[in-house]
Structure formats: structure tokens, C-alpha cells
Amino acid sequence: MAEQAQQVRSLADEVEAAVAAAMGEALPAELANTDPLVRRSDRADFQSNAALPLARRTGLRPRDLAATLRDRLAGQGLPWLTSVEVSGPGFLNISLSDAALLERLAARLADPRLGVPPTQTSQRVVVDYSAPNVARELHVGHLRSTLIGDALVRVLGFLGAEVVRQNHIGDWGTQFGMLIQHILERPGWDWRTEGVSALQALYRSAQEAFNADPAFKERAQRRVVALQAGDEESTAVWREIVGESQRAFQRVYERLGVLLTPEDVKGESFYNPWLNDVVAELRDKGILQESQGALVVFFDDILGPDDQPVPLLVRKRDGGFGYAATDLATIRYSIRELKGTRLLYAVDARQAQHFEMVFRTARRAGWLTDGTEAVHVKNGTVNGPDGRPFRTRAGGTVRLADLLDDALDRARQIIAERETGLAPAELEEIARVASVGAVKYAELSTSRLKDYAFDVARMVSFSGQTGVYLQYTHTRISSILRRSEAEAKARARANATEATPRFVPDVPLQPVERALALLLDEFAATLNAVAATLEPHRLAAYLYALAKAFTDFYESCPVLKADTPGSRANRLALCHLTRATLARGLGLLGITAPERM
Ligand code: ARG
């Protein structure tokens with residue numbers, strides 16, 4: 001494949017392999033295969049700390065072992081190595097040549113994939129994310145799952161995995177009995193004209209009636225039975241409710257710019273036809289137990305506060321199925337039909353026990369095997385600016401659409417304060433892109449397990465670790481490159497050397513240029529770390545470090561007014577590669593990289 005030919009081995013990988021080889025020569029086999037502990041370092045380019053823990057196990061003095069490793073490393077004839085020294089208690093400081101660095105960057109710049117190898121091609125990843133509930137609006141609780149899932153879809157897809165998106169919406173269950181009954185009892189009222197917010201209000205009033213009026217409760221329960229039996233009138237109303245909700249979800253997805261489409265929806269109702277079959281299979285395999293008339297799965301080590309095993313409720317006493325049965329059918333389907341090798345569930349951490357029990361049941365059933373993996377990609381809670389769970393002033397859940405409106409208002413103000421000289425329509429588009437990027441970056445730069453406070457003012461700021469800062473850095477680089485093109489044209493050599501950026505190998509680099517260059521060389525490793533840990537914040541943090549390194553570089557290294565043509569060429573090429581890496585990285589987080597703002 002052409003793509004493979006372009007793979008660029010990062011210098012960090014080179015260094016790691018070289019230290020590992022030195023360890024292999026210097027140490028007995030059982031010690032040689034340990035982590036060479038190579039890190040970026042401020043003193044040299046890289047540092048290996050391997051000698052310290054290994055010396056303890058060999059009885060050597062750390063500095064002596066480090067000296068042996070140094071000699072072995074120096075003896076490998078590595079073209080990129082300029083110096084290797086022992087320092088401190090036994091660290092190895094490793095420095096690389098500018099030419100090696102520039103050569104790597106040149107290869108990355110020449111490749112549309114920026115030299116990132118497709119490492120996930122053997123994976124078929126099923127990503128379950130967003131999963132809102134019908135007749136309710138997307139609210140702040142769905143933000144995290146939706147954005148984390150989407151970023152993973154993009155990163156894993158870019159790394160060559162085949163990705164299947166699944167939106168497991170809550171479109172089934174007893175609540176539909178009361179909803180449908182409520183609607184049918186109000187024949188004159190057309191909720192459709194009012195859309196999903198009317199549905200949400202309806203949901204509340206249906207619930208009130210259900211709790212207060214025993215006669216309505218009974219009619220609602222009969223309605224569930226009718227719906228489950230496929231009654232035509234009930235099914236027609238159900239379909240309308242689901243359709244209306246889905247259109248509302250889709251509007252928010254489009255506004256957020258997430259990849260989910262109506263085709264990705266496989267709601268709870270989709271798995272209905274298989275529930276009996278799943279129960280039969282689990283029963284045949286001896287996995288189900290009867291407990292007070294219900295069918296459940298127990299686990300010795302999953303105990304409740306009363307020290308009794310917590311049941312996974314597969315079939316209720318009344319014969320009905322719930323959330324767990326549906327998820328068992330889902331995981332079986334994802335493995336058998338979708339042929340997933342890696343199943344990811346981007347869902348709130350509060351569902352951890354549910355997923356643990358579902359996954360373990362799927363293993364017992366033989367659906368999940370050694371070659372397949374299921375991971376609950378857990379996320380924490382979004383709090384309000386006061387650090388408490390985010391609520392409206394009236395105490396209700398916060399609609400996602402309202403959050404985006406708030407962010408947009410704020411972005412408009414901030415953009416208006418700047419003197420850009422841009423037309424109103426363009427400013428409005430910039431505010432839109434900045435506000436969505438701000439919300440996404442704030443989410444994706446937080447470790448997904450942590451709770452965080454939704455603070456629009458902080459998110460939509462041009463400084464600090466924000467999406468706007470990254471987008472702004474991208475626009476600054478774009479503007480430098482526009483100026484360089486204009487200059488080139490003015491000198492009537494539009495298609496001359498500068499039109500195609502290129503690195504010139506034998507020009508020495510300044511420390512800030514090296515720092516930027518080494519970061520640019522780490523892009524692939526960052527993406528692989530995201531794929532391994534399923535933590536998009538690693539990419540978000542990398543992009544921030546990259547933007548900062550660029551800012552440092554640009555403050556001390558004139559680009560268009562560089563002293564020599566070679567240095568100007570390299571600085572321009574650094575601008576090009578930084579811009580491409582930022583744009584690609586932001587794109588993998590689902591964030592737009594604008595040309596101006
Ligand atoms: N609809 C569920 C909720 O709002 C989330 C579903 C997550 N996915 C799953 N396969 N259980 O809590």
C-alpha cells in the first residue's frame with residue numbers, strides 16, 4: 001500500500017529501540033526485556049532512566065550500568081545520534097542531530113497522513129455512544145458520551161480500524177404505555193406541531209397522571225401490553241414519537257458536528273426480537289438462576305451493601321425484559337452480526353456495575369472470547385459553575401441546545417470585541433465555529449473520568465487551554481503562510497521554491513525550533529496512546545503543547561524575515577507542518593480549524 005510506504009518512524013521510537021538493543025547486549029535476557037524508560041528531556045533531547053531500576057536487580061552501580069549502556073549505544077553507529085552521556089545518579093542523556101530531525105519532518109510533511117501509520121487495521125470497533133432517550137431532549141448528561149465517543153470514532157478510524165457507530169437510543173420500555181395512552185386521550189391536541197419540547201412536557205404530565213390516577217395507570221399498563229403485542233394504533237403513535245425525537249437528536253448532532261446519522265440508530269426496540277432467544281441461550285448454558293420468580297445472573301464477587309450478590313436482572317418476574325436483557329442482546333449482536341473485535345461503550349461511569357455484569361455474562365456465554373474485548377469507556381459528570389451537578393435555575397436538566405446557545409452568545413461578544421475587519425456573515429460563522437469548538441475542547445481536554453464544571457466564560461477564551469486558543473493559533477499560522485505566498489507572488493515567482501514547502505537539512509536549529517520539531521514528531525505516538533487508553537484528552541493536551549511550542553518558536557524566530565534563505569525555508573516548513581498537524585489533530589477531536597478569526 002502507498003500509505004505504508006510513507007510510514008515515518010519517530011525519533012522517540014528510534015531512541016527507544018536503540019536503548020533496548022543496548023540493554024539486550026549488556027544485560028542477561030530476563031532483565032533485557034524491560035521498558036527502556038525513554039522520555040523527552042529538557043537537558044538533552046531524550047533521557048533513559050532504565051539503568052536505575054535495573055542496576056538494583058543486577059547488583060551493579062547505576063552509573064556503571066549507565067556507562068555500559070552508553071558505550072553500547074555509541075557503538076551502534078546510529079546516524080542520528082550526536083551525543084550520549086551519563087548524568088546524575090545514572091541517567092542517560094541522548095541528543096540527536098538536527099539533520100535527523102529535519103529528515104523526519106520532511107517525510108511527515110510530504111505525506112497527507114503526516115507519516116502516521118495505520119496501526120488499527122486488524123480491528124473492527126463497535127462504538128456505542130450518545131444514546132439519548134426518546135421523548136426527552138438531549139441534555140448536558142449526553143454531552144460527554146456524545147463527544148468522547150465521536151472523538152474515538154475519528155481517531156480509531158484514522159488509524160485504520162473499521163468503525164461501526166451505534167446509537168443505542170432508549171426507544172422502548174413501559175414508559176411508552178403512559179406516553180401513548182396520554183396522547184390518545186387528547187385527540188384534539190396536536191403535539192407534533194410543537195415538537196420534542198412538547199413531548200418532554202407530555203412526558204412529565206403523563207408521569208404525573210400515572211402516579212396520581214390509578215385508573216390511568218391501569219390504562220397505561222394495558223397500553224404497554226398492546227404495544228408489545230404489535231397493536232397497530234399504539235405502534236403508529238410510538239413510531240411518531242420516536243421519529244420526532246430522532247429528528248430533534250439529529251438537529252443537535254448536526255449543530256455539534258458529530259458523525260452520528262439516523263442510520264447509526266439501533267435503539268433498544270431493535271433488539272426486541274432476540275430477547276427470548278438470548279434468555280433461552282443463557283438458560284441452556286446454565287448461566288441464569290431463578291430468584292423470586294425472576295431470571296438473573298449472579299457473580300460471587302459483586303456484592304451489594306447488604307453483602308448479598310447483586311443480580312443482573314435478565315427477565316423480570318412478570319416476564320418483561322429490561323435494560324440488561326437488551327444489552328445482552330446488543331453485545332451478542334455486536335459480536336455475531338457486526339463482527340466487532342473491540343466493543344466500546346461510551347457511557348456514564350455510574351453504569352459501571354451494569355456493564356461489568358453484562359460483559360462477564362457475555363464471557364460466560366462464550367460470546368466474548370480471547371480475541372474480543374468489551375470496554376466501558378466511562379465518563380464523569382458535568383457540573384455547573386458552582387461545582388454541583390448542572391441544573392437550570394428551576395432545578396431541571398440543562399438542554400444541550402441551550403448550552404450551545406450560551407456558548408454562541410459568548411463567542412459573538414468576544415469576536416465582536418476584536419478588530420478583524422471581517423464581514424458580519426463571516427464573523428457569525430467564526431462565532432459558531434469557535435463556540436462549538438470551545439465546548440468540545442473543554443470536554444475533550446478533561447480526563448473523561450473526572451467531573452468538570454461547565455463554565456462558558458472560561459471555555460470561550462482566546463487564552464489558556466481552550467479550543468479558541470488552538471483555533472486561533474491555527475489562524476495565525478495560516479496568516480503567516482498567506483503573507484509568504486503574497487510576498488512570493490509579489491516577487492513574481494509564484495511557483496518558485498516557496499510554493500512547495502520543504503525542509504533544508506543542513507541548517508542548524510534553535511532550541512525553540514527543536515522543541516517544536518520534536519513535538520511534531522510525536523503526533524503518531526499520541527494517536528496510538530489515545531487508541532490504547534481510549535482517552536482523547538491525550539490528544540487535546542498534545543495539541544495544546546504543540547500550539548504553545550509554536551507560540552514560543554514564533555516569538556523568538558522571525559519566519560519571513562529569517563537571516564538566511566535556509567533558515568527561512570525551514571521555518572516556513574515548520575509553519576506548514578504545525579498547521580497541518582493542528583488541523584488534523586483538531587479534526588480528530590471533531591473541531592474545525594478556521595483560516596481566520
Ligand atoms: N439510554 C441510556 C441512558 O440514557 C444509555 C444507553 C447506553 N448504551 C447501552 N448500550 N446501554 O442512560
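When a ligand or atom number is given, it counts from 1 through the structure's own listing order.
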Discussion item. Checking Asp301 now: which residues fulfil salt bridge (charged side-chain N to carboxylate O under 4.0 Å, His left out) with it, not counting sequence neighbours?
Written reply: Arg360
Worksheet item: Tell me, which residues have any heavy atom less than 4.0 Å from some atom of ligand 1?
Response: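 Residues within 4.0 Å of ligand 1: Asp128, Ala131, Asn133, His168, Tyr323, Asp327, Tyr345, Val347, Gln351, Phe355.
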Item to complete: Compute whether any side-chain donor of one residue and acceptor of the other, for Asp264 and Thr261, lie under 3.5 angstrom apart.
Response: yes
Worksheet item: Is a side-chain donor-acceptor pair under 3.5 Å present for Ser463 with Tyr472?
Response: no
Worksheet item: Got a salt bridge between Lys316 and Asp318, using NZ or NE/NH1/NH2 to carboxylate O under 4.0 Å?
Response: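 No.
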Can you give the donor-acceptor pairs under 3.5 Å from side chains of residues 283-298 to other protein atoms, not counting sequence neighbours?
unit_1: Lys285; atom_1: NZ; unit_2: Glu281; atom_2: OE2; d: 2.6
unit_1: Lys285; atom_1: NZ; unit_2: Ala365; atom_2: O; d: 2.7

Discussion item. List the residues meeting side-chain contact (heavy atoms from CB on, under 4.5 Å) with Ala529, not counting sequence neighbours, and say none if there are none.
Written reply: Arg538
